[in-house]
Amino acid sequence: MKQENIIRILCKNLLEFQQAQILNRRQIISMQCVYLNGKILPPDQAFVSPFDRGFIFGDGVYEVIPVYGGRLFRLKRHLQRLENSLNAIDLMNPMGADGWEAVFSQLIKENEGGNGDLSIYLQITRGVAARDHAFPIDAIPTVFAYAEKLKYPDRSQLASGVAAVTLPDTRWMRCDIKAICLLPNVMMRQQAVEQGAAEAILIRDHYVTEGAASNVFIVRRGRLITPPKGPFILPGITRDLVLELARADNVDCIEQAVSEADFFSADEIWMTSSTKEILPITRVDGRQVGAGKPGPLHARLYALYQEYKQAFRAGRAE
């Protein structure tokens with residue numbers, strides 16, 4: 001075969017591959033635009049250097065902010081958690097609160113126009129630099145954000161609950177930092193999925209810490225209990241709101257260490273997060289939790305949570 005024919009075939013194959021890649025990206029990426037380093041761009045025009053420290057080292061932090069009725073949910077609390085994470089890794093915040101709100105508002109406007117519920121993902125890395133573990137002196141942080149439709153649990157999951165498995169918490173000592181290096185969490189969640197479960201509940205030194213991507217609540221003898229904040233759990237915004245709503249409704253609740261024994265003998269178990277909200281767990285390691293169905297306290301707090309969201313959409317709550 002002549003060389004020019006071989007080159008023609010290779011170019012044709014490369015073009016077909018690139019077209020397939022573009023089609024695949026469009027099927028995966030549903031948002032209209034993203035924010036990258038000061039610009040609003042179509043997703044397929046947003047490129048990050050392979051030498052970015054987020055790509056090389058996982059050197060960065062992230063935040064996830066729900067949007068209800070075009071309003072950013074508990075923005076001040078999310079930005080404070082972002083600030084705490086940035087301070088913990090000695091990375092300067094590249095923007096003030098007003099700047100972040102302007103970026104997020106633009107993403108909301110460009111994606112669905114604020115109609116429906118959205119989730120904003122924000123990621124900040126230490127930027128592009130030569131590969132060296134020590135911090136670069138003059139690197140500029142890479143800032144990336146996008147908005148997408150908020151995906152809620154299926155109604156069947158709320159009605160019947162989901163399964164979870166327990167796994168040893170083998171992560172590092174600063175789980176309170178919302179870091180992008182989530183490989184341990186990814187592997188634990190994958191183990192759960194392979195066992196037909198929705199979440200992995202992590203146990204360290206015989207005490208429950210949190211889920212691979214959620215906080216954990218249990219109910220024992222009518223009392224709502226969640227592990228206290230500390231270096232081994234992420235300070236969840238949804239977690240805090242659940243406690244606020246419970247206390248306002250005179251629910252007996254406490255932040256207290258949860259032993260394995262208390263966990264496995266709980267009447268109810270829940271996981272909470274911005275996307276899962278308050279999701280009941282009715283099976284753990286193949287064993288039934290309580291009555292084997294979502295309990296009465298879950299129904300009560302879930303209703304309070306939905307009422308709060310509706311009030312927030314209407315501007316009657318912050």
Side-chain angles (χ1 to χ4, degrees), residues 27-28 58 62 64 119 121 148-220 224-227 230-236 238-239 242 257-299 301-302 305:
Q27 290 172 341
I28 294 173
Y62 74 104
V64 179
S119 176
Y121 177 86
E148 64 179 348
K149 289 183 179 180
L150 195 53
K151 303 177 183 68
Y152 291 114
D154 296 335
R155 290 184 179 180
S156 61
Q157 292 180 317
L158 290 169
S160 302
V162 298
V165 297
T166 58
L167 293 172
D169 190 348
T170 55
R171 302 171 301 166
W172 68 326
M173 305 291 285
R174 291 302 310 271
C175 303
D176 55 317
I177 300 173
K178 204 167 176 67
I180 63 173
C181 44
L182 290 171
L183 184 58
N185 304 65
V186 168
M187 294 177 69
M188 291 168 182
R189 173 62 73 81
Q190 182 60 27
Q191 287 185 61
V193 169
E194 289 174 357
Q195 297 180 56
E199 181 61 301
I201 306 300
L202 311 182
I203 297 177
R204 187 187 296 250
D205 297 328
H206 305 291
Y207 284 88
V208 171
T209 52
E210 58 184 351
S214 63
N215 291 118
V216 176
F217 284 80
I218 70 167
V219 179
R220 293 188 81 243
L224 181 62
I225 308 170
T226 191
F232 297 134
I233 76 164
L234 186 73
T238 303
R239 169 195 180 277
V242 169
V258 176
S259 68
E260 284 183 273
D262 286 347
F263 179 76
F264 283 110
S265 62
D267 302 311
E268 300 182 35
I269 301 175
W270 317 337
M271 61 173 161
T272 64
S273 71
S274 293
T275 54
K276 299 298 184 186
E277 298 192 327
I278 313 173
L279 188 60
I281 297 172
T282 50
R283 297 174 305 285
V284 175
D285 294 340
R287 291 181 280 182
Q288 178 176 296
V289 175
K293 59 183 180 180
L297 197 53
H298 172 266
L301 263 297
Y302 182 80
Y305 191 90

Is it true that a side-chain atom of Asp176 and a backbone atom of Phe232 form a donor plus acceptor pair closer than 3.5 Å? no

Side chains of Gln190 and Glu194, donor plus acceptor under 3.5 Å: yes

Once rounded to the nearest 0.5 Å, what's the spacing between atom OG of Ser119 and atom NZ of Lys151? 8.0 Å

The reported gap from OG in Ser259 to CD1 in Ile203 (rounded to nearest 0.5 angstrom) is 9.5 Å

Nearest 0.5 Å, what's the OH-SG distance between Tyr62 and Cys181? 10.0 Å

For Pro294, is there any backbone N or O sitting under 3.5 Å from a side-chain donor or acceptor partner on Thr282? no

Quick check for you: to the nearest 0.5 Å, what is the distance between Met187 atom CE and Thr170 atom OG1? 8.0 Å

Check against side-chain contact (heavy atoms from CB on, under 4.5 Å), Leu158 and Tyr152: CA-CA 10 Å; Leu158 290 169; Tyr152 291 114; over 6 Å; no

With side chains defined as the heavy atoms from C-beta onward, is the minimum distance between Glu268 and Leu224 less than 4.5 Å? no

Heavy-atom closest pair (Val216 atom, Thr226 atom, distance to 0.1 Å) is O-OG1, 2.6 Å

More than 12 heavy atoms of other residues, nucleotides or ligands under 6.0 Å from CZ of Phe264: is that the case? yes

Between Gln191 and Leu167, does a side-chain contact (heavy atoms from CB on, under 4.5 Å) hold up when you go through it step by step? CA-CA 9 Å; Gln191 287 185 61; Leu167 293 172; 3.6 Å; yes

Specify the closest pair of heavy atoms between Met188 and Ala212, including all atoms of both residues, with the distance to one decimal. CB-CB, 4.4 Å

Side-chain heavy atoms of Val258 within contact of Thr209, under 4.5 Å: no

Mind listing the closest non-hydrogen atom pair of Gly196 and Ala163 along with its distance? O-CB, 4.1 Å

Might you work through the side-chain contact (heavy atoms from CB on, under 4.5 Å) test for Val289 and Arg283, ending with a clear yes or no? CA-CA 5 Å; Val289 175; Arg283 297 174 305 285; 5.6 Å; no

His206 side chain to Glu260 side chain, donor-acceptor N/O pair below 3.5 angstrom: yes

On a heavy-atom basis, which atom in Ser273 and which in Ala213 lie closest, and how many Å separate them? CB-O, 3.9 Å

Test: Asp267 and Arg220 ion pair at under 4.0 Å: no

For the residue pair Cys175 and Arg204, establish whether any side-chain heavy-atom pair is separated by less than 4.5 Å. yes

I need the single residue from Arg239, Lys276, Glu199 that forms a side-chain contact (heavy atoms from CB on, under 4.5 Å) with Ser214. Which is it? Glu199

In terms of relative ring orientation, are Trp270 and His298 parallel, tilted or perpendicular, with 30° and 60° separating the classes? perpendicular

Would the distance check show the side chain of Asn215 and the main-chain N or O of Leu234 forming a donor-acceptor pair, the cut-off being under 3.5 Å? yes

Is the shortest side-chain heavy-atom distance between Thr275 and Leu150 below 4.5 Å? yes

Does this structure show an ion pair linking Glu210 with Arg171, if we count only N-O contacts that are shorter than 4.0 Å? yes

Under 3.5 Å, is there a donor-acceptor pair between the side chain of Thr272 and the main chain of Phe217? no

Please report the interatomic distance CD(Glu277) to OH(Tyr305), rounded to the nearest 0.5 Å. 5.0 Å

Within a strict 4.5 Å, meaning less than it, do heavy atoms of the Val165 and Asp285 side chains meet? yes

Could you check Ile269 against Val284 for side-chain contact (heavy atoms from CB on, under 4.5 Å), going step by step and ending with a plain yes or no? CA-CA 9 Å; Ile269 301 175; Val284 175; 4.0 Å; yes

